[in-house]
Structure formats: structure tokens, C-alpha cells
Amino acid sequence: MNNEELFARRSKALPRGAATSHPIFVKRAEGAEVWDVEDKHYVDFASGIAVNNTGNLHPTIVAAIREQLNDYAHVGFPVVSYEPYLRLCERLNDIAPIANAKSMLLTTGAEATENAVKVARYFTGRQGVITFTGSFHGRTQLALAMTGKVLPLRSGVIPSQAGVFQVPFPIKHHGTSDEDSLRALDHLFRASISPEQVAAIVIEPVQGEGGFYQASKSFMQSLRAICTQHGICLVVDEVQSGFGRTGKMFAVEHYEIEPDLIAIGKAMGGGLPLAGLIGKADVIDSPPPGFLGGTFAGNPLACAAAHAVLDVIDSEDMLGHAEAIGSRIVDFLLALKENNDVLPVGDVRALGAMVAFEIVTERGSNTPDAEATKVVANKAREYGLLMLPCGYYGNTIRISTPLNIKFDVLEKGLSRLALAMKR
Ligand SMILES: Cc1ncc(COP(=O)(O)O)c(C=O)c1O
């Protein structure tokens, strides 16, 4: 069956809310390459939304999952313990930028952010939660209330929950400075909720869906100081920015601060569903037994995959690769920005291999062109390149290649991007 026939079946069988960015059905994927059911080839700059940091079907990860299948696939951590789960938490505690860390495992990023808030609320005895505009923390109800973008995520549902507030994320070239954001936080504390009522400030150090905007070091350090001053938990959501994507295991390592809780997910499972929560021991240890967990949380196959992910990030120097890939893509984008024959490129930004660029209405302006951005993503697919548009203003193209993308595949992807950007 071809893509069109499968999509006809799809629209009869699935609700339209479960949407797909690109109208293709995949037959096979390996490394940073994807083939659809019509045998068309694509370079993968989406990585299954920043999951395939270690590429699709990395042989070490596949072997680890197969090996685990010799013993057991699921027993349920709330029922009996198993060593791969324990050892994974020990490894996370060792690599996390928290001096005295404890960890536990979950299944999805939304669970990780919700559990972070649940733990912070229990630990502080407070209910308030502050997040940022443009943030994305998941599609479940609390995570959605924390999420700072209405369309399409919060459309048609009551977009708030008691005690959840948002302040503007600082994006200087779109008119919000660090000082503006801190002032908004101060106003929030005066007008809406006192800092003594706030359990957590939750932030993505580099926003994912919001557009790969980076918080500055001084901004993150100010948040840390405010949290410490008022006994608020600082939660970093590293579901998208974690596991080597930014050239460090966790993006928060760029900021020289110690968060109270870190929500993780996506790339840690090497393609299998796995997420987790790392926290300062006194914080994450505060809730009673049974407070945390889930039927599939820390599934043994996913744990086996995660061990292999950590192994290959280390043995294949993927943090070094993230830097090299990021700087090659940024050079390419800066050259594109100077090219009169392509659509106008606005801001180009990167932290390691978390690279993005904006499409604007005219060269030199910052006015977003969301329509053109959608067109470019669609044209790119026609040329054989999978990319995802994103951003608070809808005009960002994010580039999340696997961190082990082969050089020739990367170059092929970039030349297809250049074609898609032609006026
Ligand atoms: C920063 C961030 N937090 C949370 C989530 C939610 O993760 P999941 O889709 O696994 O629930 C995402 C997903 O894109 C994310 O990017």
C-alpha cells in the first residue's frame, strides 16, 4: 500500500487530534535515515522529536534489548525490583549535576514533569507552580496547564489549573529581555501568588517546542537565587534538551547551577518509552512509599536500552559530536542567511546539536513568517528531508539530528534544506 492509501485508512480509523506532521508511512529507519513505504529516502533532522540522539537501531542498543529479552520483558517495578532499574538510577545519580541525587523511572516526559511538581508540592507543602510562555511540558492535564502555548495544544480545553502561573520566557530579539521576565515574576509575586505559596518554578533551560530559545546563564542563576531565597524548588525540564543534545549530558550543566529536580525522558530510552525524575535526595525522598511509580515505569527493556545509550554516548564521544555537528549546521545556516536566493533567515541559534533558525518576512527583520516556515518543512520533505517547525511564533525550524549522524548524510540533509529554502 502507498502513503495515500494508508492515509485514507488512517483518517477512517484514527481521530484527527492524533496528528502527524508529515503525511508518510515509514517502512524502515536506520541511523539518521528513513525510508517510506514507497521506498523514498529521507534524511532525518527530526529524530522522532529529539529521541534518536543515538540514531535509529544503534547495534549496541539493539543487542542490549535482545539480551534483556532472554530474561524477562516486564515484571512491574511496583511488584518486584530488578537490577537494571537500580543500576540505571545509580548511573543517573552519578552523572546528574546534583551533588546528592536520587532517581526514579517513569514512562513519558509528561509523567516526569507532573511528578516533579507532585514531589515539589509534597516537599514544600505549597501548591503554586510557575512556568514560562512558550514552554512545553506534556499533554496530560497538569502538564498542559504548565505548557505555555495555546495552539494547538490547549485549544478547546480549560487551559489552567489552580495555582499554575506563567511568566514570559526571555527572548531578547522578540522584545523580552531577562530583566522583563524577572520583572514579570516580581509582579506575579506581588499581584497573584506570594513566593511563600510557590512549590516550584519549572523551566526548560533551552525550550524545545517553544523554539530552541536558550535562557541566559545569568537568568538561570537569578532563578536559582530566587528559588533558594524563598524555599521554592527549581525544576529543570530536560526531556528534550537532555542526554547529550546540547553537548553536555544535561543542558543545565551549561549554567553552573544545581537544580532541585530534573525531569528526563525522550532520548534516554534509545527509542523505547522511558522517562525519569532525578532530585536532591531530601526533596525526592520526602513523599511516602507508593507516591511515585507506574505499571510500565522503568520497563526492563527500556532500562537495558538506556544502559546502552549511556555506554555509546560515552564510548562514541557523542558529546564531542554534538558540538561538531552543531557548529557545522550553524555555519551552513549563517551562509544561508547571506544568500539572496533563499527565503529570509532570521535568528540562528544553537547549543551543541540543538540548532534552530527562524524564517522572517524580510532580510534583517525579526518579524516571524509562520506560513513560509510550514511551506519550507513541507518542501523539505518533498526533497527528502524530515524536519519539524516549532516556536512560540511558529517560525522556527529546529534541527535535531542524531548525534552520530554520518558526515555524508548530514551534508545530504543540508543540501536538501538549501533546496527547500529557495524562493
Ligand atoms: C521539554 C519537554 N517536556 C515534556 C515533554 C513531554 O514528553 P512526552 O511527550 O514523552 O510526554 C516534551 C515532549 O516533547 C518536551 O519536549
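Read the numbers this way: they start at 1 and go in the same order the structure lists the ligands and their atoms. On a predicted model such as this, the values are computed, not experimentally measured, just so you know.
- Taking the charged nitrogens against the carboxylate oxygens, Lys280 and Glu258 do have a contact shorter than 4.0 Å, which makes a salt bridge.
- With salt bridges taken as basic N to acidic carboxylate O contacts below 4.0 Å, one links Arg328 and Glu411.
- Contacts classified as ring-ring contact (aromatic ring centres under 6.0 Å, His included) and involving residues 8-31 (residues at least two apart or in different chains) are given here: Phe7-Phe25.
- Residues meeting the side chain to side chain donor-acceptor pair (under 3.5 Å) test with Asp36, sequence neighbours left out: Asn3, Tyr42.
- Listed by chain and number, the residues in a side chain to side chain donor-acceptor pair (under 3.5 Å) with Asn378 are Arg381 (sequence neighbours excluded).
- Annotation: ligand 1 has protein neighbours Thr108, Gly109, Ala110, Phe136, His137, Gly138, Glu204, Glu209, Asp237, Val239, Gln240, Lys266, each with a heavy atom less than 4.0 angstrom from the ligand.
- Lys266 forms no cation-pi arrangement with Phe243, by the criterion of a distance under 6.0 Å to the ring centre and an angle within 45° of the ring axis.
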